[in-house]
Amino acid sequence: MEIPQRPQIKSYTWQLLKWVPPTRSGPGPTLAKVTLLYLFSGLGFVARTAPHSGHTVAMDEETGLREPLLADEGGSERRDELERHVGFASRDDLVEIPSSKNEAGEEGFPVASSSDEDDEDATPPAETFTWRGELAAIWALGWPMGISYACRMGMASTDSIMVGHLKDGGHDPGTYLAASALSDMVTTLLVVPPLAFNQVLNALCGQAVGSGRKKMAGVWLQQSCFWLALGMLPFLTGFFFVDRILHVLGFDPVICELAGSYARWNVFWPIPNGWYQCMRFYFQAVGKPRPAMYNSVFFLFVNALLNWVFVFGGPLRHARVCGWDWRDPDRCVEGWRGFGFIGAAVSLSFSRCLQPLAYWLYMFVWRKEHLDFWPGWKLSEHTRARTLEFLKQGLPLVGTLVFGAVVGQATTLLVSRLGTDAVAATTAVSTATVVWAGAVNAMFSMVVAVRVGYHLGRGDGAAARDSFWVSTALVFGVLACVAACVLPFTSETVGLTTSDGTVVRNAARVLPAALAATILGVLNSLCTGGVFSGQGRQMLVTFLSFAVDIPLSIGGVAVVVLCVRGATLEDVYLYQVAAALVELMIAYAFIFKSDWRGLSEEALARQRAR
């Protein structure tokens, strides 16, 4: 397998390279070296030069880039005859190989096989890593994911807003809001474990495309849908016992009853919603993220419309309906008031069942965007080795996701020991940071997993490493800009979430520390949910979750709250900053020690599993 390396640098190119960070090809001027090495110290940022070509590359309709997002689908182009090809994986140990010829007898780069059957002789697509090209690819993948995430958060928020304004049915809006929130808390814990089987698709499908075995992406999608549905079924039974679970935890009987009825009407959507996530991750991993974004934006408004109809009655609220009762044809009803509280659950079930159906009809039935990455429905494709490899990636992630869902609740419970004002301030701070931090975290973690997996699948471990550091620099820059805008206006920021003066003062006091902890936490997620997932090291992620995260997060906060006399909420957040920094340093240590060449070999072996 041959991986292209940058061509011999010509004199005019060298004049430009004087003003970029130095590489092993030669030093740059002292000022540029000192300045740029300071900015990217610790990031292992290595600038690489794109190959010169006299050909014009057509712009990709999906990504807007002048190069394919994940693969060299445009075919092999003739390069400079001085260009060198390098052997497997790492620029730290280059092996120069003579130029090869393609099937047409012309010199050029190998391209991915287009075998309709098995991709057995597939060759990883040719691509030369450049930091500008990588940034463009990261952005092209990332911003549609961010919008999709924000829309899905918006759908959940719409339900809360609707029930929070409901005044019919014999209960006040606060009771309805509390019941829906508690129901969501329990049902979220129930649906989280099986979602591990779609979280691994970003890395596995990215590796499949990078290795040239594009049909394997479809194999992993089929595996994901099967195991997710099978794993979700036993957890769905818990939806019928939410009221009993909350009663055991000591909540008010009225709230328990309302939460139980709300949960039972939510039982329809977890499997279709899980399949939708499978399809989303599959297509975004192969470089087609925008249709999911459009679909998410559309159903954000569909969900709001359904909420209006099912909760409040919609346009029928003020209509006069007659003749609906066959026993009394003259009977009329002055408007339909909707289903009330359970209407929010009904609307969510409708929207989250229709959303994957619409996406499947568009991507699979109409556009047939899957054909290049689809092996067909063949049981022979799901061999024992492939199934075991998929479970090896998915099962360890179950514990990691459960931990992530539980740790936040445990921290809130510990903070409650500091008083009601502390809990309220924590909620205000979380509300002020979760939307943008969550969007950046979800967006870039998946992008890192896709890009790292893709480059490892190509056999270029050094490109995978540099892709991660480029993403880290970009994320840090975005988060630093957000923090710089928020810090001068801490009181105004948390004031958007509550009108209570005491809560605003307490939250504004701890917001700077909370921002620092959030930034460090997002950077750590790029390691655990991004690069380690892209490397296929799910066991390492699970190990770090239980051996590092639990002792430092839950254990450390418990020590501060329960053992430090006179501890305040500010002490808790300062400790979380220190703990997040330690976790990040541990994660970076594993990245620096990673055997990128060996991981490239493992990625290729994984896609060639028979």
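Just so we're clear, the structure is a prediction, and the values are computed from it rather than from any experiment.
The distance from atom NZ of Lys288 to atom CD of Glu369, rounded to the nearest 0.5 Å, is 4.5 Å. Between the CE atom of Met446 and the CZ atom of Phe444 there is a distance of 11.0 Å, given to the nearest 0.5 Å. Rounding to the nearest 0.5 Å gives a distance of 11.5 Å between CH2 of Trp275 and CG of Leu357. With values rounded to the nearest 0.5 angstrom, Glu601 atom CD is found 14.5 Å from Trp596 atom CH2. Here NE2 of His247 is found 13.5 Å from CD1 of Ile255. Values are rounded to the nearest 0.5 Å. Note: Ser545 OG to Glu583 CD = 9.0 Å, rounded to the nearest 0.5 Å.
Looking at residues two or more places apart in sequence or on another chain, you find a ring-ring contact (aromatic ring centres under 6.0 Å, His included) between Tyr362 and Trp366. Residues meeting the salt bridge (Lys or Arg N to Asp or Glu O under 4.0 Å) test with Glu389, sequence neighbours left out: Arg606. Not counting sequence neighbours, the partners of Gln222 by the side-chain hydrogen bond (donor to acceptor under 3.5 Å, both in side chains) test are His382. Here His370 pairs with Phe364, Trp374 under the ring-ring contact (aromatic ring centres under 6.0 Å, His included) rule; sequence neighbours left out. For Asn266, the side-chain hydrogen bond (donor to acceptor under 3.5 Å, both in side chains) criterion is met by Trp269, not counting sequence neighbours. Evaluation of the side-chain contact (heavy atoms from CB on, under 4.5 Å) rule for Thr187 yields Ser183, Asp184, Phe239, Val242, Ala263 as partners, not counting sequence neighbours. The side-chain contact (heavy atoms from CB on, under 4.5 Å) check on Val302 picks up Phe298, Phe299, Leu306, with sequence neighbours excluded. In this structure, the side-chain contact (heavy atoms from CB on, under 4.5 Å) partners of Ala217, at least two apart in sequence or on a different chain, are Cys205, Ala208, Tyr282, Val286, Phe373.
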Enumerate donor-acceptor pairs with a distance under 3.5 Å from any side-chain N or O in residues 224-238 to protein atoms, sequence neighbours excluded.
| residue | atom | partner | partner atom | Å |
| --- | --- | --- | --- | --- |
| Ser224 | OG | Phe197 | O | 2.5 |
| Trp227 | NE1 | Gln223 | OE1 | 3.0 |
| Thr237 | OG1 | Pro234 | O | 2.5 |

Would you list the atom pairs, donor with acceptor, under 3.5 Å between side chains in residues 340-356 and any protein atom, with sequence neighbours excluded?
| residue | atom | partner | partner atom | Å |
| --- | --- | --- | --- | --- |
| Ser347 | OG | Asn307 | OD1 | 3.2 |
| Ser347 | OG | Asn307 | ND2 | 3.1 |
| Ser347 | OG | Gly343 | O | 3.3 |
| Ser347 | OG | Ala344 | O | 2.8 |
| Ser349 | OG | Trp265 | O | 2.6 |
| Ser349 | OG | Ala345 | O | 3.2 |
| Ser351 | OG | Asn303 | OD1 | 3.0 |
| Ser351 | OG | Ser347 | O | 3.1 |
| Ser351 | OG | Leu348 | O | 3.1 |
| Gln355 | OE1 | Arg152 | NH1 | 3.3 |

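In plain terms, the two heavy atoms of Gln393 and Val200 that are nearest each other are O-CG1, 3.4 Å. Of all heavy-atom pairs spanning Gly529 and Ser533, the tightest one is O-CB, 3.5 Å. Across Ala437 and Val522, no two heavy atoms sit closer than the pair O-CG2, 4.1 Å.
Here the side chain of Gln207 pairs a donor or acceptor atom with the backbone of Gly534 at under 3.5 angstrom.
Using a 4.5 Å cut-off on side-chain heavy atoms (C-beta onward), Val192 and Thr188 make contact. Looking at Phe532 and Val452, their side chains never come closer than 4.5 Å, going by heavy atoms from C-beta outward. Between Ser296 and Tyr149, every side-chain heavy-atom pair lies at or beyond the 4.5 Å cut-off. Between Leu397 and Thr542, the closest side-chain pair of non-hydrogen atoms is not below 4.5 Å. In this structure, the side chains of Leu544 and Phe590 come closer than 4.5 Å at one or more pairs of heavy atoms.
Side-chain atoms of Asp549 and Ser553 form no donor-acceptor pair, as typed in the model, at a separation below 3.5 Å. The closest side-chain donor-acceptor pair between Ser594 and Arg537 falls under 3.5 angstrom. The closest side-chain donor-acceptor pair between Glu134 and His455 falls under 3.5 angstrom.
Listed by first and then second residue, the salt bridge (Lys or Arg N to Asp or Glu O under 4.0 Å) pairs involving residues 305-315 amount to none (not counting sequence neighbours). The salt bridge (Lys or Arg N to Asp or Glu O under 4.0 Å) contacts involving residues 220-246 comprise Asp243-Arg264, where partners must be two or more places apart or lie in separate chains.
When each of Tyr359, Trp360, Phe281 is paired with Tyr276, the ring pair (Phe, Tyr, Trp, His ring centres under 6.0 Å) condition holds for Tyr359 and for no other.
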